[in-house]
Amino acid sequence: MHSGHQVAVAVTHNYRRSASRLTIFAHVFGILAFILMLVWLLHYRGGIEYDSYYGDRVFNVHPFLMFCGFIFLSGEAMMVYKTVQATHMVQKVVHMIFQLGAFVLGVVGLCAAFKFHDMSNIEDVYSLHSWIGIGTLSLFAVQWLAGLISFMAPQPEVTRHSLLPWHICGGRMLLYMSIAAALTGLMEKATFLKLQSEREARLVNFLGLCILLFGIFVDLSVALARYV
C-alpha cells in the first residue's frame, strides 16, 4: 500500500516537472518567433505602420498582430493556470483578460489586411488562409462569450464541471486553427513575394517552425495540466 502511494506521488511529480518545462519551451519558441517576426517585418519588409501611405507597411501590421497579439497572447492565456501563482479566481480573470486582448488585437490585424487589400485593389477573402483566419476569429469570439457566461457568471458547480472539458477542447482546437492560419499566411506571402533560396525565405521558414512549436508546447502544457 505504501509503495503504491509512492509510485502515485512519483508519477504526479514527473508530470508536474514535465508541464513546467513545457511552459518554458513554449515561452522560448514564442519569444524566438516574436524576434524573427520583428526582424522580418522591420529589416526585410520596410516596417510596421497602420496609418502609412505605403501598402506594405500597412499589411505588415497584419502578421505582427496576428501572431504577436492574437496567437501569442491567447497561448499565454492558456498557460495562465500554470504560470500565474495566484488564487483560481485571479487566474480565471487574467485568462479572460488575456483572451479578450488577443481577440481585440486579432480584429485590428484583420482590419489591416482588409485595408491593404483596399489600397492594392486585391479581392478580399479569396484564399484558404483568409477562410481559416476569419473562421478562427469568429469561433474565438463565441468561445470567449461562452466562457464568460459559463465560468465567470454564477452557475451551478455541476454545470461548470460538465462544460469545462468542452471549453478546454475548444481552446485547443482554436489554437491549432490559428496556427494553421498563420502558416498558410506565411506560405501565401512567401509565394506572392517569390521567395526561394534567399535569406528572407529561410527566415520565414524558421519563423513558421517557431510558431508551430510554440503552439505544440502550449497545447502539451495544457494536456499535462490534468495530472498536476
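Every value quoted in this text rests on a predicted model; they were computed, and no experiment measured them.
Looking at His43 and Glu200, their side chains never bring a donor and an acceptor atom within 3.5 Å of each other.
Closest of all the heavy-atom pairs between Gly215 and Leu175 is O-CD2, 3.5 Å. Closest non-hydrogen pair, Leu195 versus Ala201, comes out as CB-CB, 3.8 Å. The minimum heavy-atom distance linking Thr23 with Ser221 is given by the pair CG2-CB, 3.7 Å. Of all heavy-atom pairs between Met89 and Met152, the closest is SD-CE, 4.4 Å. Listed here is the closest heavy atom pair of Ser74 and Phe140: CB-CE1, 4.1 Å. In terms of heavy-atom proximity, Ile216 sits nearest to Tyr176 at CA-OH, 3.8 Å.
With contacts defined as side-chain heavy-atom distances shorter than 4.5 Å, the pair Pro156/Thr159 qualifies. Here the side chains of Ser162 and Val158 are not in contact, with every heavy-atom distance at 4.5 Å or above. Residues Gln99 and Met78 have side chains in contact (heavy-atom distance under 4.5 Å, counting atoms from C-beta outward). Contact check for His27 versus Thr83: side-chain heavy atoms found under the 4.5 Å cut-off. The shortest side-chain heavy-atom distance between Val84 and Glu76 does not fall under the 4.5 Å cut-off. Counting only heavy atoms from C-beta outward, the side chains of Asp124 and Asp118 approach each other to under 4.5 Å.
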Run the side-chain donor-acceptor check on residues 56-73: report pairs under 3.5 Å with partners two or more places apart or on a different chain.
{"residue": "Arg57", "atom": "NE", "partner": "Gly46", "partner atom": "O", "Å": "3.1"}
{"residue": "Asn60", "atom": "ND2", "partner": "Arg45", "partner atom": "O", "Å": "3.1"}
{"residue": "Asn60", "atom": "ND2", "partner": "Gly47", "partner atom": "O", "Å": "2.6"}
{"residue": "Asn60", "atom": "ND2", "partner": "Asp56", "partner atom": "O", "Å": "3.2"}
{"residue": "His62", "atom": "ND1", "partner": "Gly109", "partner atom": "O", "Å": "2.8"}

Give every donor-acceptor pair under 3.5 Å between a side-chain atom in residues 141-149 and any protein atom, sequence neighbours left out.
{"residue": "Gln143", "atom": "NE2", "partner": "His167", "partner atom": "O", "Å": "2.8"}
{"residue": "Gln143", "atom": "NE2", "partner": "His167", "partner atom": "ND1", "Å": "3.4"}
{"residue": "Trp144", "atom": "NE1", "partner": "Met96", "partner atom": "O", "Å": "3.1"}

Could you walk me through whether Tyr81 and His88 pass ring-ring contact (aromatic ring centres under 6.0 Å, His included), step by step?
CA-CA 8 Å; Tyr81 298 100; His88 187 62; 5.7 Å; yes

Between Leu163 and Phe151, is the side chain to side chain contact (heavy atoms under 4.5 Å, CB included) condition met? List the steps.
CA-CA 9 Å; Leu163 292 175; Phe151 302 105; 4.2 Å; yes

Side chain to side chain contact (heavy atoms under 4.5 Å, CB included) between Tyr44 and Arg199: does it pass, once the steps are laid out?
CA-CA 10 Å; Tyr44 288 101; Arg199 291 182 179 180; 3.7 Å; yes

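Residues that satisfy the ring-ring contact (aromatic ring centres under 6.0 Å, His included) test with Phe217, not counting sequence neighbours, are Phe25, Phe29.
Counted within 6.0 Å of OH on Tyr54, heavy atoms from surrounding residues, nucleotides or ligands total 12 or fewer; the atom is thus considered open.
Distance check: Glu49 CD to Asp51 CG gives 7.0 Å after rounding to the nearest 0.5 Å. Atom-to-atom distance recorded for Ile168:CD1 and Trp166:CH2 is 12.5 Å, nearest 0.5 angstrom. Distance check, rounded to the nearest 0.5 Å: CG of Leu213 to CD1 of Ile179 gives 9.0 Å. For the atom pair OG (Ser150) and CZ (Arg160), the distance works out to 9.0 Å, reported to the nearest 0.5 Å. Atoms CG and CG, from Leu32 and Leu209 in turn, are 11.5 Å apart once rounded to the nearest 0.5 Å. Rounded to the nearest 0.5 Å, atoms CE (Met187) and CG (Asn205) are 9.5 Å apart.
For His129 (side chain) and Thr184 (main-chain N/O), no donor-acceptor pair under 3.5 Å exists by modelled atom type.
Both Leu41 and Leu183 are assigned to one and the same hydrophobic cluster, defined by single-linkage of ILVMFWY side chains at heavy-atom distances under 4.5 Å. Taken together through direct or relayed side-chain contacts under 4.5 Å among Ile, Leu, Val, Met, Phe, Trp and Tyr, Leu42 and Ile211 form part of one hydrophobic cluster. Hydrophobic clustering keeps Ile134 apart from Leu128 (ILVMFWY residues linked when any side-chain heavy atoms are closer than 4.5 Å, directly or through intermediates). There is a path of hydrophobic side-chain contacts, each under 4.5 Å, that joins Met37 to Leu193. With hydrophobic clusters built from ILVMFWY side chains whose heavy atoms lie under 4.5 angstrom apart, Leu212 shares a cluster with Leu36.
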